[in-house]
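Down below is the structure, laid out as structure tokens.
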2 protein chains.
Amino acid sequence: MDLFLSTFENRIDRKGRLSVPAPFRAVLERRRDPLYLFKSLTEPCLEGCGPERIGQIVDAIDSMDSLSEEVATLQTMLSSAQEMKLDGEGRIMLSADFIAFAELDDMALYAGIGRSFQIWLPARYRARETEARTRAKSEGLPSLRLGGGRRPPDETPGDPQGRR
Amino acid sequence: MDLFLSTFENRIDRKGRLSVPAPFRAVLERRRDPLYLFKSLTEPCLEGCGPERIGQIVDAIDSMDSLSEEVATLQTMLSSAQEMKLDGEGRIMLSADFIAFAELDDMALYAGIGRSFQIWLPARYRARETEARTRAKSEGLPSLRLGGGRRPPDETPGDPQGRR
DNA sequence: TGGGATTATTTGGGATATCATGGGAAACAT
DNA sequence: ATGTTTCCCATGATATCCCAAATAATCCCA
């Protein structure tokens, strides 16, 4: 099904360039999709996705009351979105704005979350992750209803194959 | 898909010239469209678009009761619209009227919102953006139905209930 | 199963092209 | 003339391209 999974940590060089993990590139290339990045509305991270998601936001705006606050919120997402061009080596250039927003310095962590992925300051991501796991233990799992009958493609309990 | 996305901050030089961001120019050139600017009806900013959007407004007016106040309002948009000519370097000249309306001084911020874009006083735009983000955090994201008909998509682009 | 060889991927740097900006001079209008 | 607009070229900053080095993953055969 072609999803963004697993995490990768790459270096941001002094020109602001950052390699997109090869597996993520493969997903995009298979679909011949350009890559879009935008600032998360709710967290200090960047979100990456393909054009279909951007198109949905555009269409949603057109169908809404243009005076509503919701439209202003959606416009904020589009205004922060950039189509990223990859160089010959599969790198993107992060704008100063993006770097500042996600508070990145010289390393970036990609977290695949299915149809999209996020880019975090590694330390911040890890803190959130342990926090989430702690919550899961103390409060139990969020209700998860996975599709009909199948089981979750069960992964080894420890940690997905975080290579590196 | 050819959309106006992202934000750009450019200087208005002392002759009143302002560069149109290269990516926006590229969209217009690909479509061989001239650029139109008009005063926003609802906010202190200028709106930029191609001819198709102007046509939509004209059509909307034609289909309405020509005596209604709404028609008068929409006509205001049209009467403020100008076709902008770009110089060899891709710059436009803002009329004194436009500058006064958007309260611009020596910098202008372009905000792409899909099929059109806006031009703001940078400080004012940023305040509005902060507001939208604050709202998104406290009130949640606008309802967006993603994944057209298929199953409940993992979530809205902004990232939501941070399950990860 | 081990470990060296091979390939894929990431990272770095220099050369080149693109873009925003500024200014002078020509064209235009008042 | 006088002020303004348009055209053209120059410049600096920055993004892009291209090639090479370093690093990590994979393969293959003993």
Side-chain angles (χ1 to χ4, degrees), chain A residues 4-30 34-37 46 48 81-100 104-112 117 119-122 156 159-164, chain B residues 4-30 34-35 37 46 48 82-100 104-112 117 119-122 125:
Chain A
F4 300 108
L5 294 175
S6 184
T7 66
F8 305 88
E9 206 176 325
N10 287 344
R11 159 173 291 278
I12 300 170
D13 71 21
R14 75 178 94 167
K15 287 182 176 179
R17 295 177 299 188
L18 172 65
S19 287
V20 175
F24 288 9
R25 255 149 50 204
V27 171
L28 295 166
E29 279 161 20
R30 239 187 323 271
L35 167 62
Y36 293 86
L37 283 190
L46 305 172
Q82 297 180 27
E83 181 176 334
M84 308 306 290
K85 3 184 192 301
L86 305 212
D87 71 13
E89 285 71 43
R91 287 174 292 196
I92 53 179
M93 277 255 341
L94 294 180
S95 64
D97 185 37
F98 275 174
I99 290 180
L104 303 172
D105 55 72
D106 71 330
M107 285 299 227
L109 183 148
Y110 286 86
F117 61 83
I119 299 177
W120 287 82
L121 178 72
T156 62
D159 167 358
Q161 46 280 35
R163 59 165 118 131
R164 238 161 221 286
Chain B
F4 299 108
L5 294 177
S6 185
T7 65
F8 303 89
E9 204 176 328
N10 288 344
R11 161 173 294 279
I12 300 172
D13 71 21
R14 74 178 94 163
K15 289 181 178 180
R17 296 176 298 188
L18 173 64
S19 287
V20 175
F24 289 8
R25 256 149 48 204
V27 171
L28 295 166
E29 280 161 19
R30 240 189 320 271
L35 167 62
L37 283 190
L46 305 172
Q82 294 179 21
E83 180 176 336
M84 308 304 291
K85 27 181 184 293
L86 305 211
D87 72 14
E89 284 70 42
R91 288 174 289 197
I92 53 178
M93 283 234 14
L94 294 178
S95 65
D97 186 32
F98 275 172
I99 290 181
L104 303 173
D105 57 76
D106 71 329
M107 286 298 235
L109 185 149
Y110 286 86
F117 61 84
I119 299 178
W120 288 82
L121 178 73
Y125 176 82

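Each chain gets a letter, A, B and so on, in the order its sequence line appears, and its residues count up from 1. This one's a predicted model, so the numbers in the text were calculated from it and none came from an experiment.
- Checked against side chain to side chain donor-acceptor pair (under 3.5 Å), B:Arg30 has the following partners two or more places apart in sequence or in another chain: B:Asp2.
- Atom C1' of nucleotide D:dT23 and atom CE of A:Met107 are separated by 12 Å, given to the nearest angstrom.
- Residue A:Arg25 places at least one side-chain N or O under 4.0 Å from the OP1 or OP2 atom of C:dT10.
- At whole-Å resolution of the value, NZ in B:Lys85 and P in D:dC7 are 9 Å apart.
- Residues passing the salt bridge (Lys or Arg N to Asp or Glu O under 4.0 Å) test with A:Arg25, sequence neighbours excluded: none.
- One can place CD1 of A:Ile99 at 14 Å from C1' of D:dA15, the figure rounded to the nearest angstrom.
- The nearest whole Å value for the distance from the OH atom in A:Tyr110 to the P atom in C:dT9 is 15 Å.
- Within residues 10-19 of chain B, the residues having any heavy atom closer than 4.0 Å to DNA chain C are, in order of number, B:Asn10, B:Arg11, B:Asp13, B:Arg14, B:Lys15, B:Arg17, B:Ser19.
- Both B:Pro23 and A:Gly90 lie close to DNA chain C; mapped to their nearest nucleotides by heavy-atom distance, the more 5′-ward contact belongs to A:Gly90.
- Ring pair B:Tyr110/B:Phe8: centre-to-centre distance not below 6.0 Å.
- Closest to the side chain of B:Glu89, from the set C:dT10, C:dT11, C:dT21, is C:dT21.
- Spacing between atom CD of A:Glu9 and atom P of D:dA25 amounts to 13 Å, rounded to whole angstrom units.
- Applying the salt bridge (Lys or Arg N to Asp or Glu O under 4.0 Å) test to A:Glu83 and every residue at least two apart in sequence or in another chain returns nothing.
- One interatomic measurement links the two molecules: CZ of A:Phe8 to P of C:dT10, which rounds to 8 Å at whole-angstrom precision.
- Residues forming a side chain to side chain donor-acceptor pair (under 3.5 Å) with A:Glu29 (at least two apart in sequence, or on another chain): none.
- Side-chain atoms of B:Leu104 and B:Leu18, non-hydrogen and from C-beta on, never get closer than 4.5 Å to each other.
- A:Phe24 places its CZ atom 11 Å from the P atom of C:dT10, with the value rounded to the nearest Å.
- Rounded to whole angstrom, the span from the CG atom of B:Leu86 across to the P atom of D:dT5 amounts to 16 Å.
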Atom pairs and distances, donor-acceptor, side-chain atoms in residues 85-95 of chain A, under 3.5 Å, two or more places apart:
from    : atom 1 : to      : atom 2 : distance (Å)
A:Asp87 : OD1    : A:Glu89 : N      : 2.8
A:Asp87 : OD1    : A:Gly90 : N      : 3.1
A:Asp87 : OD1    : A:Arg91 : N      : 3.0
A:Asp87 : OD2    : A:Arg91 : NE     : 2.9
A:Asp87 : OD2    : A:Arg91 : NH2    : 3.4
A:Glu89 : OE1    : A:Arg91 : NH2    : 3.2
A:Ser95 : OG     : A:Gln82 : NE2    : 3.3
A:Ser95 : OG     : A:Phe98 : N      : 3.1

